[in-house]
Engineer: 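Please find one structure pasted underneath; my questions will follow.
On a predicted model such as this, the values are computed, not experimentally measured, just so you know.
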Amino acid sequence: MGDGLSVHVIERAASMHVVVIGTGIVGVCTAAWLQRGGHQVTFVDRLPPGEACSFGNAGSLSPSACLPVGMPSMWKKVPGWLLDPLGPLTVRWPYLPQVLPWLMRFLHHSSPREVERIATAMRQLLAPIFESYEPLLARADAQHLVRRTGCLYVYSSREIARQWQWGMDLRRRLGVVMQDVEQDELEHLEPDLQGRFRFGILAPENGSTLDPSELVKALHAQCERDGARTVLATATGFVRQRDQVRAVRLEAGEPIACDGVVIAGGAWSAQLTRALGLRVPLETQRGYHVTVNSNNLALRHTVMAVEHNMMVNPMAKGLRLAGSVEFAGLTAAPNYQRADVLLQRSRDMFPHLDVSRYTQWMGHRPCLPDSLPVLGQVPRVANAWCAFGHGHVGMCGGASTGREIAALIDGRPPAVDLAPFSPGRFA
């Protein structure tokens with residue numbers, strides 16, 4: 001999106017002071033797009049920019065990542081997963097009564113019809129990943145943090161890959177380029193995969209970031225250079241006058257007066273929407289990663305080891321291994337045995353991997369039971385907008401979300417049909 005369009009927006013939209021709650025990738029991209037429209041921005045977050053999920057995610061920038069977490073027939077596997085405390089999906093038993101209604105809704109949305117509906121909506125949001133990021137990266141001189149080398153989905157055999165064929169075929173029907181890769185070509189593309197994987201599917205349009213935290217920090221720093229202010233504080237509620245938000249209340253300090261507010265607080269966002277009369281079934285799917293700092297592999301692609309349920313991404317700080325879902329709420333201590341499982345899987349995949357130095361991390365993915373984020377105006381509040389709930393694809397959807405929310409605030413029709421993401425869809 002060129003500067004000519006940006007100037008046009010400035011001419012047609014009145015300048016507003018917008019408080020963006022959240023300095024993760026979604027909040028920062030939303031602020032950057034708002035500034036391109038001539039608006040003034042104040043960030044509010046209890047953490048510095050680029051922390052939380054934007055620090056520890058897998059770093060994927062994948063137009064192919066349109067499938068929901070819940071897929072057809074998953075319900076058959078859930079009981080076994082729940083009985084394995086280190087399996088790909090687990091619930092800490094004290095938390096089960098609280099999360100069980102959410103899980104039932106989640107399974108409801110895993111029917112073939114629902115999966116097609118959800119994937120169609122997500123494909124619209126994720127297809128323009130790079131065109132949405134491009135002007136923000138150029139402005140912040142951060143193009144070096146993003147690469148477009150493709151993603152390899154790898155399997156131990158073509159026969160095993162057929163277990164996931166329905167989802168891959170759905171991606172193709174939605175316009176995702178997916179190319180079959182036989183063993184010889186796979187080992188040519190990635191010699192380090194030799195001996196463990198005999199079939200792959202290449203998504204050549206995919207990309208990744210070398211450092212998700214640094215990417216967020218670079219975009220945030222540019223926002224500040226362009227006039228944004230950052231307040232390190234916890235937002236607790238709002239000062240309202242009829243159907244308008246007039247200020248954002250803080251846990252400590254004076255309220256921040258504003259003309260509008262964007263709630264992009266990740267897994268903590270539902271606490272704020274309740275203050276505006278909106279209840280959404282937001283849950284945290286706690287994710288773990290291991291970053292192998294002593295990485296001695298020479299991977300050129302992001303690799304999704306489907307059978308291992310693990311994404312492998314070579315980053316500036318080492319080889320990042322990410323995967324698994326844990327339900328335990330926002331306050332329970334991490335169980336780093338789940339990160340140890342990721343490390344063991346990496347040894348199985350790459351017996352020659354040097355794992356002498358590594359770090360572990362746990363973060364909170366903000367997830368809705370239908371795997372769709374909440375994007376749009378808060379019902380019955382004229383100047384409050386939601387931009388959260390991206391689950392496993394926050395880095396993928398951050399820039400396009402920011403672009404669409406800025407369009408709504410400007411009064412322009414969005415480029416993406418936002419009806420499936422409506423904040424009021426759970427009422």
Side-chain angles (χ1 to χ4, degrees), residues 20-30 43-59 68-70 89-92 94-96 98-103 105-106 212-213 216 232-237 248 251 261-276 278-289 322-335 338-339 361-376 378 384-398 401-402 405 421 423 425-426:
V20 176
I21 301 175
T23 54
I25 189 62
V26 176
V28 167
C29 286
T30 300
F43 290 104
V44 174
D45 200 322
R46 62 189 181 86
L47 295 174
E51 302 300 326
C53 270
S54 290
F55 172 85
N57 69 80
V69 176
L89 184 154
T90 190
V91 179
R92 294 198 194 177
Y95 196 66
L96 182 59
Q98 184 171 335
V99 78
L100 186 59
W102 190 97
L103 287 172
R105 296 175 81 163
F106 170 77
S213 180
V216 176
L232 280 176
T234 299
T236 58
V248 176
E251 189 173 62
V261 62
V262 176
I263 300 172
W268 289 265
S269 297
Q271 301 169 10
L272 292 166
T273 63
R274 281 196 295 270
L276 296 175
L278 173 66
R279 291 185 175 271
V280 294
L282 186 68
E283 185 56 67
T284 166
Q285 290 185 10
R286 295 151 58 102
Y288 291 79
H289 88 215
S324 82
V325 169
E326 177 188 52
F327 292 95
L330 289 168
T331 59
N335 173 14
R338 296 188 64 77
W361 174 90
M362 186 278 290
H364 297 277
R365 304 186 190 101
C367 296
L368 281 302
D370 59 3
S371 296
L372 294 172
V374 178
L375 309 178
V378 175
W385 294 268
C386 297
F388 61 84
H390 292 72
H392 297 244
V393 294
M395 191 63 62
C396 299
T401 292
I405 295 297
F421 308 99
R425 70 185 186 269
F426 298 105

Engineer: Check for a donor-acceptor pair, side chain of His289 on one end and backbone N or O of Gly56 on the other, with a separation under 3.5 Å.
Structural biologist: yes
Engineer: If you compare all heavy atoms of Leu232 against all heavy atoms of Pro48, which two are closest, and at what distance to 0.1 Å?
Structural biologist: CD2-N, 3.7 Å
Engineer: Mind checking what makes salt bridge (charged side-chain N to carboxylate O under 4.0 Å, His left out) contact with Arg279, not counting sequence neighbours?
Structural biologist: none
Engineer: Heavy-atom distance under 4.5 Å between the side chains of Leu368 and Pro373, does that happen here?
Structural biologist: no
Engineer: Only one of Arg92, Gln285, Arg338 forms a side-chain hydrogen bond (donor to acceptor under 3.5 Å, both in side chains) with Glu326, so which one is it?
Structural biologist: Arg92
Engineer: Ignoring hydrogens, what is the shortest heavy-atom contact between Gly59 and Pro212? Give both atom names and the distance.
Structural biologist: CA-CG, 4.5 Å
Engineer: Looking at His392, His390, Arg286, which one forms a side-chain contact (heavy atoms from CB on, under 4.5 Å) with Arg365?
Structural biologist: His392
Engineer: Looking at Cys367 and Gly391, what are the two nearest heavy atoms and their distance?
Structural biologist: SG-CA, 3.5 Å
Engineer: Taking all non-hydrogen atoms of both residues into account, name the closest pair between Ser371 and Gly70 and its distance.
Structural biologist: OG-N, 4.3 Å
Engineer: Would you say the side chain of Thr30 lies within less than 4.5 Å of the side chain of Trp385, judging by non-hydrogen atoms?
Structural biologist: no
Engineer: Hey, is the main chain of Leu278 close enough, under 3.5 Å, to the side chain of Thr273 for a donor-acceptor pair?
Structural biologist: yes
Engineer: Which residues satisfy the salt bridge (charged side-chain N to carboxylate O under 4.0 Å, His left out) test with Arg105, sequence neighbours excluded?
Structural biologist: none
Engineer: Does Phe327 reach the side chain of Leu103, with side-chain heavy atoms less than 4.5 Å apart?
Structural biologist: yes
Engineer: I'd like to check the side chain to side chain contact (heavy atoms under 4.5 Å, CB included) partners of Ala235; sequence neighbours left out, ordered by chain and number.
Structural biologist: Ile21, Val44, Val248, Leu272
Engineer: Mark yes or no for whether Thr234, through its side chain, and Glu251, through its backbone, hold a donor-acceptor pair below 3.5 Å.
Structural biologist: no
Engineer: Give every residue pair that meets the side-chain hydrogen bond (donor to acceptor under 3.5 Å, both in side chains) criterion with at least one member in residues 20-29, sequence neighbours excluded.
Structural biologist: Thr23-Asp45
Engineer: Rounded to the nearest 0.5 Å, what's the gap from CG on Leu282 to NE2 on His364? Could you check?
Structural biologist: 11.5 Å
Engineer: Kindly compute the distance separating CG (Leu375) from SG (Cys386), expressed to the nearest 0.5 Å.
Structural biologist: 8.5 Å
Engineer: Could you go through the side-chain contact (heavy atoms from CB on, under 4.5 Å) check for Trp268 and Arg46 one step at a time?
Structural biologist: CA-CA 11 Å; Trp268 289 265; Arg46 62 189 181 86; 3.0 Å; yes
Engineer: Considering non-hydrogen atoms only, spot the tightest contact between Phe388 and Ile263 and give its length.
Structural biologist: CD2-O, 3.4 Å
Engineer: Taking side chain as C-beta onward, heavy atoms only, is Arg425 less than 4.5 Å from Val374?
Structural biologist: yes
Engineer: Run the side-chain hydrogen bond (donor to acceptor under 3.5 Å, both in side chains) test against Ser54 and tell me which residues pass, sequence neighbours left out.
Structural biologist: none
Engineer: Can you find a heavy atom in the side chain of Asn335 that is under 4.5 Å from one in the side chain of Tyr288?
Structural biologist: yes
Engineer: Specify the closest pair of heavy atoms between Phe43 and Gly27, including all atoms of both residues, with the distance to one decimal.
Structural biologist: CE2-O, 3.9 Å
Engineer: Residues in side chain to side chain contact (heavy atoms under 4.5 Å, CB included) with Gln98, at least two apart?
Structural biologist: Tyr95
